[in-house]
Structures are given as C-alpha cells and as structure tokens.
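Working notes for the structure below.
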Amino acid sequence: MSITYKFPEEIEFAKHYAEKLNDQVTLSILDAGEVKDSTEAKHLSLFFWNMVNKSVEDQNNKILLPWPDGGEFWSEKLMYSISGYLEMAGFENEWEEVSDLQG
C-alpha cells in the first residue's frame, strides 16, 4: 500500500521541506511511497510536524514558496494524505503518539 496524494504538489511540498530539513530518511520514505515499519511511521509523523513548523517559520520570514495557496494549505492537504495512509497501513498509533506530543 502506497501513500496516495490528491495533488502532485503535496509530494513536491513534502520533498521541498525534507530537503530543507536535510531529512534523508523522509526523502527515502517519500521516494518509496510507503513506510516499512513502526520506526519509519514515527519518523514520517515527526517529519510532518517539523515541516509544519518550518513552513510557518518560512511564512513569518516572508520566504516565498513555488506553489500558490501557501504552506498552510499544502500542510493541511499533506496531513490528510499522511495520516490517512498511516491509519490504513496500521500505523495510526504512531501518528497519534507523535501528534499528541505537538504543542
């Protein structure tokens, strides 16, 4: 089972921030289109929240993104894609555990 995105911009947005955060594990997961185990599921979940924080920081610093609609829009789309995928793949607890730790 692979991660399904509604829009091609979602994967572009995710890869943009994985590269910006120098997160090779997430880039590998995104390229594979799936997580292999609980550790990767937690890593992808943590990446999502790090990406959200970084995109908010970029917005506050007036850093323009190559996509219209802004970081908040694409973060929300990715949240549905990633959380939905993790739930369907049996990693809902990993998503919830990481998400619950976010402020």
| query | Are Met1 and Leu30 connected in a single hydrophobic cluster, I mean Ile/Leu/Val/Met/Phe/Trp/Tyr linked by side-chain heavy atoms less than 4.5 Å apart? | reply | yes
| query | With a 4.5 Å limit on heavy-atom distance, are the side chains of Phe73 and Trp67 in contact? | reply | no
| remark: Heavy-atom nearest pair, Ser38 first then Phe91, reads N-CE2, 3.5 Å
| query | Are any of the side-chain heavy atoms of Ile82 and Leu86 separated by less than 4.5 Å? | reply | yes
| task | Measure the shortest side-chain to side-chain distance between Glu34 and Ile29 over non-hydrogen atoms and say whether it is less than 4.5 angstrom. | result | no
| Interatomic distance, Gln102 atom CD to Ser45 atom OG [nearest 0.5 angstrom] | 9.5 Å
| query | Does atom CD of Glu72 have more than 12 heavy-atom neighbours, drawn from other residues, nucleotides or ligands, at distances under 6.0 Å? | reply | no
| Shortest non-hydrogen contact between Val35 and Tyr85, atoms and distance | N-OH, 3.0 Å
| note | Which of Leu21, Leu27, Thr26 passes side chain to side chain contact (heavy atoms under 4.5 Å, CB included) with Gln24? It is Leu27
| request: For the residue pair Met88 and Thr4, establish whether any side-chain heavy-atom pair is separated by less than 4.5 Å. | output: no
| said: I need the Ser75 OG to Lys54 NZ distance, nearest 0.5 Å. | reply: 13.5 Å
| So do the side chains of Leu44 and Glu94 get within less than 4.5 Å of each other, counting heavy atoms only? | no
| field | Partner residues of Ser83 under the side-chain hydrogen bond (donor to acceptor under 3.5 Å, both in side chains) criterion, sequence neighbours left out | value | none
| Short side-chain donor-acceptor distance under 3.5 Å, Asn61 and Gln59 | no
| field | Exercise: do Ser81 and Glu10 side chains pair donor with acceptor under 3.5 Å | value | yes
| query | Listed by chain and number, what are the ring-ring contact (aromatic ring centres under 6.0 Å, His included) partners of Phe7, not counting sequence neighbours? | reply | Trp74
| Is there a side-chain contact between Glu12 and Lys15, using heavy atoms and a 4.5 Å cut-off? | no
| message | Is any side-chain heavy atom of Asp37 closer than 4.5 Å to one of Glu40? | response | yes
| field | Exercise: do Tyr17 and Asp58 side chains pair donor with acceptor under 3.5 Å | value | yes
| request: Give a yes or no on whether the ring-centroid distance for Phe48 and Trp95 is below 6.0 angstrom. | output: yes
| message | Are the side chains of Phe13 and Met51 in contact, using a 4.5 Å heavy-atom criterion? | response | yes
| note | When every non-hydrogen atom of Gly70 is compared with those of Leu65, the smallest separation belongs to C-CD1, 4.5 Å
